[in-house]
Amino acid sequence: MTTENEKRIWQTVQAIPFGRVACYGQIADLAGLPGRARLVGRCLASVPKQGWQGKAVPWYRVINSQGKISLPAGSEGFIRQTQLLQDEQVVVIGNKVSLKVFQWQPDLHELLFHLDY
DNA sequence: ACCTTGACGGTTC
DNA sequence: GGAACCGCCAAGG
């Protein structure tokens with residue numbers, strides 16, 4: 001089944017633009033679930049491969065508040081995430097992304113216009 | 001029902 | 001920076 005929280009989180013992640021990243025806590029806040037960053041991580045692990053409602057869910061654009069990839073370093077997922085980010089011109093150096101440069105700064109008006117909840 | 005485990009994060013030292 | 005601490009809470013044992 002799909003929970004309401006998963007819907008919100010997946011949908012919010014879909015709003016992250018190409019070439020930008022967001023952190024777990026940021027997604028939680030925007031999804032209306034403040035303080036629940038861990039939930040975001042869990043939900044991203046269960047994203048359907050075919051995406052959600054016809055659109056891909058760019059899970060790899062979500063990293064932790066320190067700008068680091070949270071998957072185990074060297075794991076298959078870690079490698080894939082790094083590759084996908086670099087494919088979008090996001091610079092990953094020493095397992096780190098500069099949030100200063102690449103963090104998504106959403107336009108709240110536009111975001112509220114697109115989200116369903 | 002109880003305990004542990006996380007793709008986490010803010011605070012504090 | 002970084003480490004210890006605490007808050008968070010859905011799943012799985």
Side-chain angles (χ1 to χ4, degrees):
Chain A
M1 68 175 259
T2 300
T3 68
E4 177 64 24
N5 288 340
E6 284 174 322
K7 292 180 191 173
R8 291 186 174 200
I9 289 167
W10 293 339
Q11 193 178 6
T12 304
V13 171
Q14 287 178 324
I16 307 172
F18 181 98
R20 311 307 297 289
V21 298
C23 47
Y24 298 93
Q26 180 184 7
I27 294 301
D29 288 344
L30 293 172
L33 301 164
R36 302 180 63 179
R38 302 188 82 125
L39 182 61
V40 173
R42 237 202 351 261
C43 289
L44 288 184
S46 62
V47 170
K49 270 185 184 165
Q50 63 273 31
W52 172 244
Q53 294 183 334
K55 292 173 296 185
V57 178
W59 57 271
Y60 55 87
R61 293 180 187 149
V62 184
I63 59 183
N64 68 31
S65 64
Q66 304 168 74
K68 298 198 277 188
I69 287 173
S70 285
L71 291 166
S75 68
E76 198 174 323
F78 174 90
I79 306 280
R80 185 162 54 250
Q81 182 166 14
T82 303
Q83 183 63 58
L84 287 166
L85 286 174
Q86 292 179 331
D87 286 348
E88 300 192 346
Q89 333 304 325
V90 172
V91 178
V92 183
I93 298 174
N95 177 23
K96 217 172 0 174
V97 172
S98 168
L99 291 176
K100 191 86 171 178
V101 177
F102 297 101
Q103 184 169 31
W104 175 39
Q105 271 140 35
D107 175 323
L108 279 320
H109 292 293
E110 185 180 335
L111 188 62
L112 289 173
F113 181 77
H114 287 289
L115 300 182
D116 289 341
Y117 49 91

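Chain letters run A, B, ... following the sequence lines, proteins first and then strands; every chain starts at 1. Scope of the values below: all heavy atoms of this structure, side chains included, with no hydrogens, waters or symmetry mates. Everything numeric here is computed off the predicted structure, so don't read it as measured data.
Between A/Gln26 atom CD and B/dG10 atom P the separation is 11 Å, expressed in whole Å. When the P atom of B/dA7 is taken as reference, atom CG of A/Leu85 falls 18 Å away, rounded to whole Å. Between the CG atom of A/Asn95 and the P atom of C/dG2 there is a distance of 12 Å, given to the nearest Å. Taking atom CG on A/Leu71 and atom C1' on B/dC8, their separation rounds to 13 Å, with Å as the unit. Computed from coordinates, the A/Leu33 CG to C/dA10 P distance equals 10 Å when rounded to whole Å. To the nearest angstrom, P of C/dG2 lies 12 Å from CG of A/Asn64. Put simply, CD on A/Gln103 is 10 Å from P on B/dG9, counting in whole angstrom units. For A/Ile63 and B/dG9, the CD1 to C1' distance is 14 Å, given to the nearest whole Å.
Relative to the side chain of A/Ser65, the nucleotides B/dG10, B/dA7, B/dG6 differ in distance, and B/dG10 lies closest. Relative to the side chain of A/Thr3, the nucleotides C/dA11, B/dA7, B/dG9 differ in distance, and C/dA11 lies closest. Considering only side-chain atoms of A/Arg38, the nucleotide from B/dA7, C/dC8, C/dA11 that sits closest is C/dC8. With distances taken from any side-chain atom of A/Leu39 to the nucleotides C/dA10, B/dC8, B/dA7, the minimum falls on C/dA10.
Distance alone, capped at 3.5 Å, is enough to place a donor-acceptor pair between the A/Gln89 side chain and the A/Asp87 backbone.
As judged by a 4.0 angstrom heavy-atom cut-off over every strand, A/Cys43 is placed among residues making no nucleic acid contact. Heavy atoms of A/Arg36 sit under 4.0 angstrom from primed sugar atoms or phosphate atoms, though from no base atom.
Side-chain contact between A/Tyr24 and A/Cys43: absent, with no pair of heavy atoms (C-beta onward) separated by less than 4.5 Å.
A/Gln14 and A/Gln53 are not linked by any side-chain donor-acceptor pair at a separation below 3.5 angstrom, with hydrogens and angles left out of the test.
With a 6.0 Å radius and a threshold of 12 heavy atoms from other residues, nucleotides or ligands, A/Phe113 has its CZ atom at or below the threshold.
Under the side-chain contact (heavy atoms from CB on, under 4.5 Å) test applied with A/Trp104, the options A/Leu30, A/Val21, A/Leu99 reduce to a single match, A/Leu30.
Of the two residues near DNA chain B, A/Arg42 and A/Gln66, the one whose nearest nucleotide lies more 5' is A/Arg42.
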